[in-house]
Amino acid sequence: MTIHKEGYTSLALTVLFIMLLNAFVDYKFADVVWLRWFIYILSFALFIIVLQFFRNPSRTFTSGENLVICPADGKVVVIEETEEGEYFKDKRLQVSIFMSPVNVHINRNPISGVVKFFKYHPGKYLAAWNPKSSTENERTTTVVEHANGTPVLFRQIAGALARRIVWYIKEGDQVVQTEQFGFIKFGSRVDIFLPIGTKVNLQLDQVVKGGITILAELG
């Protein structure tokens, strides 16, 4: 396992904060042994939490020409037909994956193809499981066209804790299935919009792995 590049600054700031906090406690409360040990344990727990959040575990990825692979770790919270009003402006099959703070937060391309559309939207920070988060929160919208002509839309959505969305793609890029397209910090959600009638291989509340779990099969 390695640490994702998006975590370098956060980890450095965390270490700096821990060092300053411990130095202050050691100087100001040198005689209060229980308090010093409490701060040591708290500092260690904080470091581990931040470290695991930015982990980049080694994985054997799943691939397939007509497969849609889960773009993120998390739990399936939505599988339903809905109106997609930004790009398609018609009914699509929506699948949403909620990423808690303990999940790996790397986002991966669900299919290979050409990026036909990309847009960043500033917005609110509603809880990621709130249905309005799809249209009101800070988010990005990406549409990748598969080699067979099928467009798939996926959306990074910031949550109540997530305050920064990172993306590595732009319109016109040729992207490869399971390669990284972005990262969301501290709790978030990813929505995918597929053509009506697409065979979805997931169930509500199912726990999925980004780059591994098969989400759907394109017709």
Minimum heavy-atom distance between Ala72 and Met99, given as atom pair plus value
CB-SD, 3.7 Å
dist Leu153:CG -> Lys116:NZ (nearest 0.5 Å) comes out at 14.5 Å
Parallel, tilted or perpendicular: which fits the ring planes of Tyr120 and Trp167, with parallel below 30° and perpendicular above 60°?
parallel
Can you spot which of Thr178, Val95, Ile97 makes a side-chain contact (heavy atoms from CB on, under 4.5 Å) with Cys70?
Ile97
Less than 6.0 Å separating the ring centroids of Phe181 and Phe154?
yes
Just checking Asp31: does its CG atom have more than 12 heavy atoms from other residues, nucleotides or ligands closer to it than 6.0 angstrom?
no
Search all heavy atoms of Arg108 against all heavy atoms of Gln180 and return the closest pair with its distance.
NH1-CG, 3.6 Å
side-chain contact (heavy atoms from CB on, under 4.5 Å) assessment of Phe98 paired with Asn103:
CA-CA 9 Å; Phe98 171 68; Asn103 289 128; 5.8 Å; no
Would you call Lys119 and Glu86 a salt bridge, taking side-chain N to carboxylate O under 4.0 Å as the test?
no
How far does CG of Asn201 sit from CG of Leu215, to the nearest 0.5 angstrom?
8.0 Å
From CG (Asn107) to OG1 (Thr140), nearest 0.5 Å
8.0 Å
Tell me whether Val104 is reachable from Tyr8 by hopping between hydrophobic residues (I, L, V, M, F, W, Y) whose side-chain heavy atoms are closer than 4.5 Å.
yes
Is there a side-chain contact (heavy atoms from CB on, under 4.5 Å) between Glu145 and Val143? Walk through the geometry before answering.
CA-CA 7 Å; Glu145 186 175 271; Val143 178; 5.9 Å; no
Got a donor-acceptor contact below 3.5 angstrom from the His146 side chain to the Glu65 backbone?
yes
Do the side chain of Gln156 and the main chain of Val166 share a donor and acceptor less than 3.5 angstrom apart?
yes
I'd like to know whether Val68 forms a side-chain contact (heavy atoms from CB on, under 4.5 Å) with Glu217, so could you lay out the CA-CA distance, the side-chain angles of the two residues, the decisive distance to 0.1 Å, and finally the verdict.
CA-CA 6 Å; Val68 181; Glu217 297 177 32; over 6 Å; no
Do other residues, nucleotides or ligands put more than 12 heavy atoms under 6.0 Å from Glu80 CD?
yes
Would Ile48 and Ile3 show up in the same hydrophobic cluster when neighbours are defined by side-chain heavy atoms closer than 4.5 Å?
yes
Can you tell me if Asn148 uses its side chain to pair, donor with acceptor, with the backbone of Thr150 under 3.5 Å?
yes
What pair of heavy atoms forms the shortest contact from Leu93 to Val200, and how long is it?
CD2-CG2, 3.3 Å
CZ (Phe17) with more than 12 external heavy atoms under 6.0 Å
no
Under the 3.5 angstrom rule, does the side chain of Asn56 hit a backbone N or O of Thr2 as a donor-acceptor pair?
no
Gap separating the CD1 atom of Ile165 from the NE2 atom of His121, nearest 0.5 angstrom
10.0 Å
Shortest non-hydrogen contact from Ser43 to Ile18?
O-CD1, 3.3 Å
Kindly compute the distance separating CD1 (Ile169) from CZ (Phe118), expressed to the nearest 0.5 Å.
6.0 Å
dist Thr62:OG1 -> Ile214:CD1 (nearest 0.5 Å) comes out at 5.5 Å
Between Phe183 and His105, what is the ring plane arrangement, given parallel below 30°, perpendicular above 60°, and tilted in between?
tilted
Would you please name every residue forming a salt bridge (charged side-chain N to carboxylate O under 4.0 Å, His left out) with Arg55, sequence neighbours left out?
none
Tell me, yes or no, whether the heavy-atom count around Phe44 atom CZ, taken from other residues, nucleotides or ligands under 6.0 Å, exceeds 12.
no
Within one Ile-Leu-Val-Met-Phe-Trp-Tyr cluster: Leu42 and Phe53, side-chain cutoff 4.5 Å
yes
As a quick check of understanding, evaluate side-chain contact (heavy atoms from CB on, under 4.5 Å) for Val78 and Arg189, giving each step before the final call.
CA-CA 11 Å; Val78 173; Arg189 168 173 160 171; 4.2 Å; yes
Taking all heavy atoms of Phe29 and all of Arg36, pick out the closest pair and write down the distance.
O-CD, 3.3 Å
Treat each ILVMFWY residue as a node, draw an edge where side-chain heavy atoms are under 4.5 Å apart, and state whether Val15 and Leu21 are in one component.
yes
Do side-chain atoms of Gln177 reach the backbone of Asn109 as a donor and acceptor pair under 3.5 angstrom?
no
Indicate the ring-plane relationship of Trp37 and Tyr40, choosing parallel, tilted or perpendicular according to the 30° and 60° boundaries.
perpendicular
Ile157 to Ser188 - nearest heavy-atom pair and separation:
O-CB, 3.3 Å
Are Asp73 and Arg59 ion-paired here, with the side-chain N under 4.0 Å from a carboxylate O?
yes
Within a 6.0 Å radius of atom CZ on Phe88, are there more than 12 heavy atoms belonging to other residues, nucleotides or ligands?
yes
